Amino acid sequence: MEIASKYDPSQTEGKWYSYWMEQGLFQSSPDEREPYTVVIPPPNVTGVLHMGHMLNNTIQDILVRRARMLGKNACWVPGTDHASIATEAKVVNKLREEGIVKTSLTRDDFLKHAWAWTDKHGGIILEQLKKLGASCDWDRTCFTMDEVRSQGVIKAFVELYNKGLIYRGVRMVNWDPKALTAVSDEEVVYKEVDSKLYYLNYEVEGEPGAYVTIATTRPETILGDTAVCVNPEDERFRHLAGKRVLVPLLGRAIPIIQDSYVDMEFGTGCLKITPAHDINDYEIGMRHNLESIDILNDDGTLSEAAGLFVGQDRFAVRKDIEKALAESGNLLKVEPYKNKVGFSERTDAVIEPKLSTQWFLRMGDLAKPALDAVMSDEVQFHPPKFKNLYRHWMENVKDWCISRQLWWGHRIPVWYLNDGSFVVAETEAEALEAARLQSGNAALGLDALRQDEDVLDTWASSWLWPITVFDGFNPDKKEIDYYYPTSDLVTGHDIIFFWVARMIMAGYAFKGTFPFKNVYFTGMVRDKQGRKMSKSLGNSPDPLDLIATYGADGVRVGMLLCSPAGGDLRFDESLPEQGRNFSNKIWNAFRLVKGWDVSESAEQPESARLAIEWFGERLQQEMAVISDHFSKYRVSDALMSVYTLFWDEFSNWFLEMIKPAYQQPIDARTHAAAVAYFDDMMHLLHPFMPFISEEIWQQLSPRKSGESIMVSQMPAQRAFDSELLQSFDLVKEAIQHVRTLRKNRNVPMREALELKVLTGEDGYVARYNPVLTKLVNLESVTVVKEKEAGAESFMVKSTEFFVPLAATVNVEEELEKLQAELKYTEGFLNTVMKKLGNERFVAGAPEQVVANEQQKKADAEAKIAVLKERIAGLQ
RNA sequence: GGGCGCUUAGCUCAGUUGGUUCAGAGCAUCUGGUUUACACCCAGAGGGUCAGCGGUUCGAAUCCGUUAGCGCCCA
């Protein structure tokens, strides 16, 4: 059978994914095994796969596949979230293109359109994850707005309300005038912008010609001013206490108040107060019982209350009012100014601080156990540096505005009665019952109830995800008791507050314990220049194109090669290319092993026997390293271990050592060992590169139908012989020296060499001669008692090796090399001696460290002796 | 403005309680190579005052202070 010399992922990836699905290998149900559970960070239902998802889901799949192969009952629950604002905005846009205005539709009609959109686009992203190889239990696919998840959200709301943790209140919220909804603090992105600082003169009432000057970046808001404030310590304004000033253009008189909030150094030291449109002004207004004048409509245009410019957009007014103020003589000057302005994360509209009635979740009590859990490592963060950030946020946590003025989402389970009171209940029927009780009117009908028009923030369903995906709010606890708490959560560090912190709170609030044991924070995927990947920049490659070009395995490797936990990663196409190259390397190693003729009668060469003995230990050594990496969530390092184990140790050393001579068969014992090692390495590789490892595993040995590497067990770990490994390294070193020598002297491989060994205290292991002989083509290895004059030479530790060659050695070059090595070794010995000569070191350092230094001293002295001898011999 | 973090080879980054020859890996570069598994490869090589300065210590890339540059989070 001819095997192609290039590995072609397109021939295998789809095939094996279908096979795994058909065999039901991703499925999990509770049994007696230890569970290993991961819930996917649900991507936006109408979104498409981007590089962040690729990274994130690759890591999850690696963890899940490894756990499965370690004998755990691995369960990875997939799903999507409904992304309230984003999806509603998309649907509104689509309707607008069709000539339909949202406000012309009823809520129900709008929701029909939204569901249609969701049905059409939802799930695309999950299909894309399959291309990546994600081993999710697809039978468990959840959606934040499906029935079970919605029930959970409503039950949680009612429960929290009954505990007094949810309240309705008038607060300053972040208003998005484009989406026409409040958004949470976390959804506001602050950016530095070039704006202007306007200096405005307010005339003192009754004192024509007397002014105070204020500085503001938002001159249009003067229409809502209800005071001017100065610092009580400020001498400059003391004479104004108790007086009033006139708002420019309007002539409305407002008081001059005193509050220590005002920074005397900033601007003019005189601050205008607009309680309805600035959070700090609002607080000052509360302290001084000021009136609030809301001059803006929800869409950002000026309202009747403004008195002027009514109906015009806030930014248009800013320009127009500048002119008007200049004409009226109130504009003193305008300076360029840089300030931070809040933008909506979803719509990029400038956020308007706005007084509004909203639902809030009290966070104080919820935060406490969640904070403790992370600080005590009951929930472990990887990398731990995020603990600090988390603590800072948790200690300063503010109440969470959970209502959104949207239709797409979970409608708030609150019903208002005609008298303005309200009831909170899980269903309409229960609401009616409660309302009858509350009103004392047993005849109250449904028509007397009006459900709150708003929906809940999307994160109000996402934070319950680890619970609701196992139907944790219903009486049947079989699933949740088995799978919860989950094991690992893998997510971007950008949603640590949005999601991670809140899930931990929900875990303690509703389940009494943490939702996951470990959180692995990934970095943000950036382009080569360090820019965040975004649609508008067009700097994000299409993940599916990458998979088509380099294979899913190649892309997975590429993602990991640049992804230390938590740090940003710079992606460019050389990375999946490297992954593809690795696939090809593995494939060709397989071709080699598969292509050999196997002879039952051929004797096993000693070199092969030694190679097998060595690689068995080497494999164990690396498996220990890999396990250690995984235990510390160093997934990239674990991959790098597998990578070098396969490429360097297995392919470049082991296979070369056992390779039979040209056109000769390989003996059966050696071949069997090679196949067994290959099998082991496919296991180690499988979590990282599921497709090629399955393809090769299936071909390595006959397999039964339904078998798969993904549900087979990882090779068993055992202790390994590190002395053997060290002594083998000495042979490798000798081999490398001979190779260099061949290269320097232009001696081709086919020409066999003589090797003479002048043994020192260490550096030579005679039993490995067959390996040495095979890899560098020696005709003999002989132990000598004397130096070999005129031969090329090299050293391993204190042993000297000589290779007699026809042409003479370049004495000068050789001397130079030896002198350099001598100098280095002497310098090294010197530092060692300094340490050993230092009484405080000998007394203070641990015994082992001192012993090491003594060993170094002995080694160095032996080597120096040999070097000096050789130099003398050459001179 | 407040807080946190980072700065190690051309690039991306490791360096795990200060102590094995500790200054590393991968990629890139350079030099050889039609050794029939692989040029998506093989064999080699070069390359860094561990950001600067000061301190602690027998010993510092590692701990402390400080300066500069960069990044992130929060208001």
Side-chain angles (χ1 to χ4, degrees), chain A residues 3-7 185-186 188 190 263 266 279-280 340 342 383 385-393 395-396 398 493-494 496-497 523-524 526 528 530 550 554 561-564 566-572 574-575 577-596 628-629 631-632 634 636-637 639-641 643-644 647 651-652 655-656 659 662-663 735-744 746 748-750 776-777 824-825 827-829 831-832 834-846 848-856 859-860 863:
Chain A
I3 308 176
S5 73
K6 294 251 190 299
Y7 174 65
D185 293 340
E186 287 70 34
V188 181
Y190 288 89
D263 181 355
F266 182 81
I279 181 68
N280 296 310
K340 295 263 179 110
K385 68 177 179 186
F386 287 108
K387 282 167 76 173
N388 258 336
L389 185 63
Y390 179 84
R391 185 182 63 200
H392 190 257
W393 189 77
E395 285 174 347
N396 297 287
K398 302 221 175 73
H493 65 71
D494 54 332
I496 182 169
F497 309 130
M524 299 292 103
R526 293 170 183 280
K528 216 178 172 180
Y550 302 105
L561 285 174
C562 59
S563 63
D568 284 348
L569 50 101
R570 299 193 176 206
F571 182 86
D572 84 295
S574 70
L575 296 162
E577 187 183 333
Q578 200 184 330
R580 181 209 47 193
N581 294 353
F582 185 39
S583 299
N584 206 50
K585 183 69 190 177
I586 297 164
W587 183 248
N588 276 289
F590 169 66
R591 274 180 76 209
L592 177 68
V593 171
K594 196 70 188 168
W596 281 328
D628 184 53
H629 284 322
S631 73
K632 291 165 181 157
R634 296 163 169 267
S636 309
D637 290 351
L639 170 63
M640 197 42 75
S641 279
Y643 183 94
T644 53
W647 201 311
S651 297
N652 294 352
L655 290 179
E656 291 303 327
K659 207 183 227 176
Y662 185 50
Q663 288 191 330
I735 289 166
Q736 282 164 332
H737 274 113
V738 178
R739 281 174 176 162
T740 306
L741 192 153
R742 274 185 184 278
K743 188 188 169 179
N744 291 345
N746 248 324
M749 188 57 183
R750 69 183 81 88
V776 290
N777 190 18
Y824 172 82
T825 314
F828 173 68
L829 177 63
T831 64
V832 173
K834 248 194 238 164
K835 277 192 197 174
L836 287 171
N838 186 329
E839 270 176 49
R840 293 162 78 184
F841 170 73
V842 178
Q848 186 55 44
V849 173
V850 178
N852 278 338
E853 291 304 315
Q854 243 129 22
Q855 185 58 50
K856 285 194 229 168
D859 287 351
K863 188 156 188 181

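Note that the structure is a prediction, hence the values are computed from the model and not measured. A, B, ... follow the sequence lines: proteins, then strands. Residue 1 opens every chain.
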Take Lys6(A) and Trp587(A), measure what side-chain contact (heavy atoms from CB on, under 4.5 Å) needs, and give me the verdict at the end. CA-CA 7 Å; Lys6(A) 294 251 190 299; Trp587(A) 183 248; 6.0 Å; no
Any side-chain N or O of Arg634(A) less than 4.0 Å from the OP1 or OP2 oxygen of G15(B)? yes
Taking only side-chain N and O atoms of Asn581(A), does any of them lie within less than 4.0 angstrom of OP1 or OP2 on C38(B)? no
From CG of Asp494(A) over to C1' of C4(B), roughly how many Å is that when rounded to an integer? 17 Å
Can you tell me the distance, in whole Å, between the CZ atom of Phe386(A) and the C1' atom of C4(B)? 11 Å
NE2 of His737(A) versus P of A43(B): gap in Å, rounded? 16 Å
Check whether any side-chain N or O of Asn588(A) sits under 4.0 Å from OP1 or OP2 of C41(B), and answer yes or no. no
Taking all heavy atoms of Leu655(A) and all of Ala589(A), pick out the closest pair and write down the distance. CD1-CB, 3.9 Å
With a non-hydrogen cut-off below 4.0 angstrom, is Ser651(A) in contact with a base, only sugar-phosphate, or nothing? base
Using the C1' atom on both, measure G54(B) against A14(B) and round to a whole Å. 28 Å
Spacing of Phe497(A) atom CZ relative to A75(B) atom C1', expressed in whole Å: 13 Å
Note: for Asp628(A) and Val188(A) on RNA chain B, the residue whose nearest nucleotide lies more 5' is Asp628(A)
With rounding to the closest Å, how many angstrom separate the C1' atoms on G52(B) and A68(B)? 7 Å
From CA spacing to verdict: side-chain contact (heavy atoms from CB on, under 4.5 Å), Tyr7(A), Ile586(A): CA-CA 9 Å; Tyr7(A) 174 65; Ile586(A) 297 164; over 6 Å; no
May I have the distance from Asn388(A) (atom CG) to C73(B) (atom C1'), rounded to whole angstrom? 11 Å
Which one, G44(B), U16(B), C38(B), comes nearest to the side chain of Lys632(A)? U16(B)
Which of these nucleotides, C4(B), U36(B), C41(B), is closest to any side-chain atom of Lys585(A)? C41(B)
Taking atom P in both C53(B) and C41(B), what distance in whole Å separates the two? 42 Å
What does Arg739(A) touch in the nucleic acid at a heavy-atom separation under 4.0 angstrom: a base, only the sugar-phosphate, or nothing? sugar-phosphate
OP1 or OP2 of U35(B) sitting under 4.0 Å from any side-chain N/O of Arg750(A)? no
For the pair made of CG in Asn652(A) and C1' in U35(B), what is the distance, rounded to whole Å? 13 Å
Interatomic distance at C1', A9(B) relative to G26(B), whole Å: 12 Å
Taking atom C1' in both U31(B) and G47(B), compute the distance separating them and give it to the nearest angstrom. 15 Å
Heavy-atom protein contacts under 4.0 Å, nucleotides 25-33 of chain B, coded B base, S sugar-phosphate only, - none: -SS---B--
Using the P atom in both, what is the distance from G2(B) to A61(B), to the nearest Å? 33 Å
Given RNA chain B, 5'-ward residue of the pair Lys659(A) and Ile735(A), judged by closest heavy atom: Lys659(A)
First locate atom CG of Leu561(A), then atom CD of Glu577(A), and finally report the distance between them rounded to the nearest 0.5 Å. 12.0 Å
Between NZ of Lys385(A) and C1' of A14(B) the distance, given in whole Å, is 14 Å
Taking atom P of U16(B) as reference, at what distance in whole Å does atom NE2 of His629(A) sit? 13 Å
Per the atom types in the model, does the base of A37(B) pair as donor or acceptor with the side chain of Glu656(A) at under 3.5 Å? yes
Output all residues satisfying ring-ring contact (aromatic ring centres under 6.0 Å, His included) with Tyr643(A), sequence neighbours left out; order by chain, then residue number. Phe582(A), Trp647(A)
Choose from A37(B), G5(B), A43(B) the nucleotide whose nearest atom is closest to any side-chain atom of Leu655(A). A37(B)
For Glu395(A), report the nucleic acid contact type (base, sugar-phosphate, nothing); a contact means any heavy atom under 4.0 Å. nothing
Gap in Å between the two P atoms, one belonging to U17(B) and one to C64(B), rounded: 15 Å
Does the pair Val776(A) and His737(A) meet the rule for a side-chain contact (heavy atoms from CB on, under 4.5 Å), with working shown? CA-CA 10 Å; Val776(A) 290; His737(A) 274 113; over 6 Å; no
Using Watson-Crick pairs (N1 to N3, plus N6-O4 or O6-N4) and G-U wobble pairs, both distances under 3.5 Å, which stems of at least 3 pairs involve RNA chain B? B:1-7 with B:68-74, B:10-13 with B:24-27, B:29-33 with B:41-45, B:51-55 with B:63-67
Taken to the nearest 0.5 Å, the spacing of Asn396(A) CG from Arg391(A) CZ works out to 10.5 Å
Among G44(B), C41(B), A37(B), which nucleotide has an atom closest to any side-chain atom of Gln736(A)? G44(B)
Distance between C1' atoms of U35(B) and C30(B) (Å, rounded): 22 Å
How close do His493(A) and Gly523(A) get, heavy atom to heavy atom, and via which atoms? CD2-CA, 4.0 Å
So, taking the atom named CD in Gln736(A) and the one named CZ in Arg739(A), what distance separates them when rounded to the nearest 0.5 Å? 7.0 Å
Smallest heavy-atom separation, Ala4(A) atom then Arg591(A) atom, equals O-CD, 3.2 Å
Can you check whether Met749(A)'s main-chain N or O pairs, donor with acceptor, with Asn777(A)'s side chain at less than 3.5 Å? yes
Start with the C-alpha gap between Asn584(A) and Arg580(A), add the side-chain angles, then the distance that decides, and say whether side-chain contact (heavy atoms from CB on, under 4.5 Å) holds. CA-CA 6 Å; Asn584(A) 206 50; Arg580(A) 181 209 47 193; 5.8 Å; no
